[in-house]
Amino acid sequence: MPNELIRNTDDILNMLDALMREPVLFWDKFYSDRSKKVPFFINHPDENLVSYLDSGHVQVGKVLEVGCGPGRNAIYLAQKGFTVDAVDISEEAIRWAQDRVNEHNVDVNFQCISLFELQAVEEYDFVYDSGCLHHIWPHRRIEYIEMLNKALKPGGYFGLSCFAPGFAEIGGALDTTDWEVYRERNMKGGQAYSEEQLKILFQDYFDCVEYRVMTECSESEEKFGVPFLGTSLWRKK
Ligand SMILES: C[S@@+](CC[C@H](N)C(=O)[O-])C[C@H]1O[C@@H](n2cnc3c(N)ncnc32)[C@H](O)[C@@H]1O
């Protein structure tokens, strides 16, 4: 019989987890059909990630990708010479990422674990998240930000792509509030974050280097770009 007595903050967080969708089963099912028409199933890196390297803001070093999915950004970073650790909670995603790595003959350390299990301390020059934060329940966001801050070296960079508000009609997320997520017990496909909200959430740990909407890209450009994501680059204080 589960112990349902709330004694501390962890008990509250665990109770909230239990009220919401179980993520591992969801994502394993999501990736079980690789031929599905999902925009980010193409094997090209985010256009903003490419721009961070091209502009020289992010330089070759040790990188962690959280919620790496089938590995497109991790593989790009490895091809550019980074030492890459990449984690995802879905075994299906990691299996697919490993298949892609084998085809590309690059080295990426993929691990099937939750980002909340990471224990890295000031280990990384760069942490990247494309589309993971907007699937993290709001009650786990503080822990997510603390993990980022702990994992990055002082002055390290954090790159993020996540749903921007106002684009539901063209495939983005419905605008919602944190409280609404719990009233509905549902994030309806992901949570949108405005530039202002991100700046409030990260203000204690990170300075904003850049925020912009992602630039739409065609497949021939060999970059991933859809107009309903916000992209941002942050520097650890
Ligand atoms: C929208 S997908 C993006 C995948 C990949 N970053 C891409 O853009 O191709 C979000 C990913 O976050 C992963 N994820 C969700 N919660 C996670 C957690 N707590 N720890 C690690 N990965 C997580 C999911 O399994 C999923 O692969």
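Read the numbers this way: they start at 1 and go in the same order the structure lists the ligands and their atoms. Since this is a predicted model, take the numbers as computed values, not measurements.
Counting heavy atoms closer than 4.0 Å to ligand 1, residue C68 contributes backbone atoms (N, CA, C, O) but none from C-beta onward. Contacts between S130 and ligand 1 below 4.0 angstrom, taking non-hydrogen atoms only, involve backbone and side chain alike.
Using a 4.0 Å cut-off between charged nitrogen and carboxylate oxygen, R212 and E210 count as a salt-bridge pair. Salt bridge present: R141 and D178 bring a charged side-chain N and a carboxylate O closer than 4.0 Å.
Aromatic rings from H57 and Y52 are positioned such that their centres are separated by 6.0 Å or more. Aromatic ring centres of F202 and F158: separated by under 6.0 Å. Here the two rings, on Y76 and H44, have centers that are 6.0 Å apart or farther. You'll find the ring centres of F41 and W96 inside the 6.0 Å limit.
The single protein non-hydrogen atom nearest to atom 22 (N) of ligand 1 is I89 N, 3.3 Å, given as residue, atom name and distance. Looking from atom 9 (O) of ligand 1 to the surrounding protein, the closest heavy atom is R72 NE, 2.8 Å.
Residue D88 places a heavy atom under 4.0 Å from ligand 1.
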Practice item. Given salt bridge (charged side-chain N to carboxylate O under 4.0 Å, His left out), test D46 with K223 step by step and report yes or no. Key: CA-CA 6 Å; D46 287 348; K223 289 187 273 189; over 6 Å; no

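Distances from atom 4 (C) of ligand 1 to the heavy atoms of G67, S114, G131 put G67 nearest. Remark: among candidates W27, Y31, F116, F41, the nearest residue to atom 27 (O) of ligand 1 is Y31, based on non-hydrogen atoms.
For ligand 1, the atoms closer than 4.0 angstrom to any heavy atom of I113 are 21 (C). Residue contact check: C132 has heavy atoms under 4.0 Å from atoms 12 (O), 14 (N), 15 (C), 17 (C), 23 (C) of ligand 1. Less than 4.0 angstrom separates some heavy atom of H135 from each of these atoms of ligand 1: 1 (C).
Side-chain contact between V58 and L233: present, with at least one pair of heavy atoms (C-beta onward) separated by less than 4.5 Å.
Considering both main-chain and side-chain atoms, L115 comes within under 3.5 Å of ligand 1 through a nitrogen or oxygen pair.
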